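Not measured: the values here are computed from a predicted model.
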Amino acid sequence: MMSPCSIMFGMNTKKIIIPMNNTAIKLQTPSDQFDVEPLLSKVSQEAEKEHKKMQEVFSLLGWGDLPDTLKIEIKDDVKAMVEELEGKYSTCDPYVRKRRARVTYWVDAYLDGICSLQTAIDALKVTKL
């Protein structure tokens with residue numbers, strides 16, 4: 001018997017099926033399985049769309065050739081810059097301005113060969129509370 005969280009492939013459908021065997025949950029449908037393929041497909045499409053948009057933004061900033069590890073560190077900062085330029089919000093917070101200046105400084109320092117990739121990543125890494 002499979003655990004409630006196991007994932008199996010249907011014999012004929014080749015779709016990912018998650019059995020819902022939890023007795024505390026009463027389903028409205030006669031089937032006790034949930035087909036996650038449409039959900040995964042939608043999430044994948046949205047992620048691909050966001051990735052293309054971010055790659056375009058990095059290219060427009062002249063940062064298209066940055067290594068992916070550095071792009072990952074500054075992705076949220078760049079995304080926030082774009083959202084502010086699109087008029088979704090406006091900030092005058094001095095800490096936000098300081099963070100943006102740090103991002104620009106360390107990316108430019110890396111691109112100019114002043115510092116190594118690891119130094120730039122370490123300087124831009126956001127520490128968790």
Under 3.5 Å donor-acceptor, T104 side chain and R100 backbone: yes

E46: salt bridge (Lys or Arg N to Asp or Glu O under 4.0 Å) partners, not counting sequence neighbours: none

Scan the side chains in residues 116-124 for donor-acceptor partners under 3.5 Å anywhere in the protein, sequence neighbours excluded, and list what turns up.
{"residue": "S116", "atom": "OG", "partner": "T119", "partner atom": "N", "Å": "3.1"}
{"residue": "S116", "atom": "OG", "partner": "T119", "partner atom": "OG1", "Å": "2.9"}
{"residue": "Q118", "atom": "NE2", "partner": "D122", "partner atom": "OD1", "Å": "2.8"}

Partner set under side-chain contact (heavy atoms from CB on, under 4.5 Å) for K52, not counting sequence neighbours: E48

Gap between atom CG of L61 and atom CG of L66 - 0.5 Å precision: 9.5 Å

All pairs passing salt bridge (charged side-chain N to carboxylate O under 4.0 Å, His left out) where residues 62-81 contributes a residue, at least two apart: E50-K79, E73-K125, D77-R99

Any donor-acceptor N/O pair, E84 side chain to T91 backbone, under 3.5 Å: yes

Interatomic spacing from OH in Y105 to CD1 in I114 - rounded to 0.5 Å: 6.0 Å

Nearest-0.5 Å distance, CD of residue E83 to OG of residue S90: 13.0 Å

Residue pairs, two or more places apart or on separate chains, that pass salt bridge (charged side-chain N to carboxylate O under 4.0 Å, His left out) and touch residues 101-119: none

Side chain to side chain, V78 and W63, heavy atoms closer than 4.5 Å: yes

Whether Y110 side chain and L70 backbone form a donor-acceptor pair below 3.5 Å: no

Sequence-distant partners of Y95, side-chain contact (heavy atoms from CB on, under 4.5 Å), two or more places apart: D93

